[in-house]
There are 2 protein chains.
Amino acid sequence: MKVSGHHRITIKDVAAAAGVGVATVSRVLSGGSASPETRERVLAAAARLDYRPSALGRNLRQRRTGGIALLVPDITDTFYGRLTEGVLSCARSAGEPVMIGATGDDPELEAELIGTFLEQSVDRVIAVPCGDADTWTPALRAGLTVVFAHRRPPGRDDVPAVLSDDRLGVRTAVEYLAGLGHRRIAYLGGPGQGPRLRAFRDTLAALGITLDDELVVSARAARDSAYAAASGLFQHRPDLTAVLAGGNVLGEAAVLAARELDLRLPRDVSIVMFDDVPWAELCSPPLTVIAQPAQDIGYRAAELVMRESARRTRDTVLPTELLVRGSCGPRR
Amino acid sequence: MKVSGHHRITIKDVAAAAGVGVATVSRVLSGGSASPETRERVLAAAARLDYRPSALGRNLRQRRTGGIALLVPDITDTFYGRLTEGVLSCARSAGEPVMIGATGDDPELEAELIGTFLEQSVDRVIAVPCGDADTWTPALRAGLTVVFAHRRPPGRDDVPAVLSDDRLGVRTAVEYLAGLGHRRIAYLGGPGQGPRLRAFRDTLAALGITLDDELVVSARAARDSAYAAASGLFQHRPDLTAVLAGGNVLGEAAVLAARELDLRLPRDVSIVMFDDVPWAELCSPPLTVIAQPAQDIGYRAAELVMRESARRTRDTVLPTELLVRGSCGPRR
DNA sequence: AAACATGATGGAATCGTTTCCATGAAGGTC
DNA sequence: GACCTTCATGGAAACGATTCCATCATGTTT
């Protein structure tokens with residue numbers, strides 16, 4: 001038995017210690033067939049030497065890493081934090097390592113990160129995508145199993161997605177605001193919110209409210225951009241009476257901007273925000289929100305991406321819930 | 001040239017296409033010496049075939065993965081979210097993939113995740129540790145480069161750490177509260193906050209305030225545990241006049257519990273919270289906080305762990321800042 | 001012109017595993 | 001007892017890169 005120096009214990013050492021061939025050790029350790037007696041000898045030897053199989057060797061041979069790669073726009077946003085937690089908890093129970101990347105909602109960066117993943121021979125990716133459909137073509141052609149979470153690039157219907165029910169969420173919120181008498185309702189959105197915007201338009205149309213294009217603004221992913229958009233909206237159109245914010249960062253910006261301009265909630269302006277976050281209750285007044293099952297989205301996406309059948313699966317749509325708190329009031 | 005089926009382009013294909021040996025291709029691609037003419041031929045062939053070297057083969061040969069593993073207690077906590085963002089942004093500029101794991105502040109889970117990393121032959125780890133010093137012995141013996149962030153297990157002084165200046169942060173906050181007249185100041189802490197607690201005790205002692213052990217409570221990492229601790233504290237000791245919360249989750253719990261018990265801020269009770277978060281300004285009154293450079297901690301830790309010299313380096317201590325807002329008032 | 005230094009080059013070994021295949025022993029059937 | 005099936009077993013070939021080393025051509029020195 002070699003003791004000197006830094007010598008990683010390999011399957012060869014175990015084989016030698018147990019007096020068998022490497023093939024047998026491999027078989028025993030990965031649950032193949034072997035006589036009970038041999039199995040015990042191998043197991044004993046492995047335990048005695050404190051043998052840990054190297055993922056490197058295995059991965060090379062099997063030409064896959066078995067891990068999961070996760071791509072989110074911004075890990076600082078608690079929504080994505082919770083989504084990530086969902087992925088991690090599912091991956092953990094399967095013993096799979098998770099690689100993570102933040103795209104900052106930049107398609108170029110996204111493509112680059114996908115490249116890194118390909119290089120690493122990752123074979124499963126969960127992504128909150130920001131690029132267009134073509135961004136994902138190389139990944140798919142390389143045989144990756146991809147699952148989209150939270151949103152999907154328009155036109156990529158060949159990849160399953162786990163989404164929250166944006167359509168119904170928007171409709172419920174807008175109907176709620178309309179029910180309070182609001183007519184000039186603004187939508188403060190972020191990148192990649194096509195479906196929500198469509199739902200916003202459709203709902204207004206169904207309610208017989210004509211859409212005012214100036215009341216639909218869109219910010220980039222960053223906090224300052226969100227604030228600028230919100231502030232601009234309030235200043236440019238002081239006649240609006242309600243805002244639907246398409247995410248917690250945007251909601252935060254809206255509240256901040258309103259406060260800065262001395263608009264009181266809910267007297268001067270009503271706000272509904274997508275995504276329930278802990279501070280929504282701490283805010284004064286507490287914020288009315290559309291809660292999304294962020295963690296569940298992550299968990300299900302992870303489940304899906306680890307199933308063999310991931311390639312051909314229908315989308316999963318999870319329900320949202322309007323939590324009425326104190327940030328909405330009747331039209332002034 | 002083989003076209004049929006799913007065939008990963010390997011270095012062999014490039015070598016054949018360029019009419020050179022694999023060794024030459026490898027040399028060219030990793031910046032070794034080669035004649036300009038050959039170099040060009042190889043590069044052209046590689047580009048034409050869209051060749052991407054497999055990290056698997058390289059890693060096995062070099063017996064290291066080159067990635068960074070990151071261990072945080074809870075990715076849902078924005079503090080760790082920002083820390084993670086720091087790590088990611090540094091890793092990205094170096095082109096290194098990042099693996100992430102959430103320990104939930106559970107030493108057992110931590111040990112298990114370290115095991116996973118070892119199996120993957122990760123050779124660099126950044127961790128917000130929760131286990132004791134021994135948890136890290138196997139990792140260090142296996143030759144991993146480890147850097148602690150945010151805190152360190154007591155007694156593991158052979159591993160460099162990137163910390164915020166807890167000692168001064170606590171002192172500044174407590175002195176501020178004492179200056180407002182407070183004497184019965186509570187500390188609401190979480191796991192692994194030994195240094196902060198010591199600083200709390202020391203500062204009180206220096207100020208001539210006798211420490212009341214009942215005013216020091218500690219919660220587990222979860223939100224409900226934090227709330228229970230905060231609520232219990234207020235109910236059990238209605239005579240306290242100020243609370244120092246050791247993290248944003250604990251601060252949130254304190255505000256929530258105070259509100260639930262109809263304690264008004266800052267009239268009935270003053271609160272200072274560790275960690276500045278976006279909602280601290282949205283709270284009413286806005287929260288006075290001790291800001292920590294979470295993102296910078298992550299970035300520096302990543303820088304450190306990628307340097308060769310990481311093993312023998314002094315700790316990095318980053319400054320905190322007391323941001324006085326509206327949650328503290330004179331003793332009632 | 002012979003000896004030598006230099007530099008480009010390709011073959012082959014290597015990393016640690018899984019897996020294919022050949023071998024041989026044991027047991028069952030006619 | 002010959003034959004076939006079943007099963008455990010170990011040697012060796014992958015996987016895709018890096019890197020050692022021998023070879024060979026070229027240019028330099030004496």
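In what follows, every heavy atom counts, from backbone to side chain, and hydrogens, waters and symmetry copies are set aside. Order of the sequence lines fixes the chain letters, A, B, ..., with proteins taken first and strands second; residue numbering starts at 1 for each chain.
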**Asked** Under 4.0 Å between a side-chain N/O of B/S35 and OP1 or OP2 of C/dT9, yes or no?
**Response** yes
**Asked** Once the angle between the rings of A/F79 and A/H150 is folded into 0 to 90°, is it parallel (under 30°), tilted (30 to 60°) or perpendicular (over 60°)?
**Response** tilted
**Message:** Atom CZ of residue position A/R39 - does it have more than 12 heavy atoms of other residues, nucleotides or ligands inside 6.0 Å?
**Reply:** yes
**Prompt:** Touch check for A/S26, heavy atoms < 4.0 angstrom, all strands: base, sugar-phosphate only, or nothing?
**Reply:** base
**Request:** Can you tell me the distance, in whole Å, between the CZ atom of A/R27 and the P atom of C/dT19?
**Result:** 11 Å
**Prompt:** Just how far, in rounded Å, is P of D/dC15 from CG of B/L56?
**Reply:** 13 Å
**Request:** Could you tell me whether A/S33 contacts a base, only the sugar-phosphate backbone, or nothing, with contacts defined as non-hydrogen atoms closer than 4.0 Å?
**Result:** sugar-phosphate
**Asked** Just checking A/G57: base, sugar-phosphate only, or nothing, at a heavy-atom cut-off of under 4.0 Å?
**Response** base
**Request:** Go through C/dT19, D/dT18, D/dA17 for me and flag the one nearest to the B/Y51 side chain.
**Result:** D/dA17
**Interatomic distance, A/N59 CG vs D/dA14 C1' [rounded to whole Å]** = 15 Å
**Asked** Just one of A/R151, A/R152, A/E110 clears the side chain to side chain contact (heavy atoms under 4.5 Å, CB included) bar with A/V128, so which one?
**Response** A/R151
**Prompt:** Has the side chain of A/R61 got a donor or acceptor atom sitting under 3.5 Å from an opposite partner on the base of C/dT17?
**Reply:** no
**Asked** Any Lys/Arg nitrogen of B/R156 or B/D158 sitting under 4.0 Å from an Asp/Glu carboxylate oxygen of the other?
**Response** yes
**Item:** Options C/dT18, C/dG10, C/dA8, nucleotide nearest the side-chain atoms of A/I11
**Value:** C/dT18
**Message:** Taking any heavy-atom pair under 4.0 Å as a contact, classify A/A23: base, sugar-phosphate, or nothing.
**Reply:** base
**Asked** For A/H7 and C/dC15, what is the distance between atoms NE2 and C1' respectively, to the nearest whole Å?
**Response** 12 Å
**Request:** Return the value, rounded to whole Å, for the distance between atom CD of B/E37 and atom P of D/dA25.
**Result:** 16 Å
**Item:** Interatomic distance, A/E40 CD vs D/dT9 P [rounded to whole Å]
**Value:** 13 Å
**Asked** Rounded to whole angstroms, how far apart are CG on A/L29 and P on C/dT17?
**Response** 9 Å
**Prompt:** Atom CG of B/D13 and atom P of D/dA17: how far apart are they, to the nearest Å?
**Reply:** 9 Å
**Presence of A/T24 side-chain N/O under 4.0 Å of D/dG10 phosphate oxygens OP1/OP2** = yes
**Request:** Looking only at side-chain atoms of B/Q62, point me to the closest of D/dT18, C/dC15, D/dC15.
**Result:** D/dT18
**Item:** Taking every non-hydrogen atom, the tightest pair across A/D13 and A/R8
**Value:** OD2-O, 3.7 Å
**Asked** At under 4.0 Å between heavy atoms, what does B/T38 touch on the DNA or RNA strands: base, sugar-phosphate, or nothing?
**Response** sugar-phosphate
**Asked** Looking at D/dG16, C/dT9, C/dT18, which one has an atom nearest to any side-chain atom of A/R58?
**Response** C/dT18
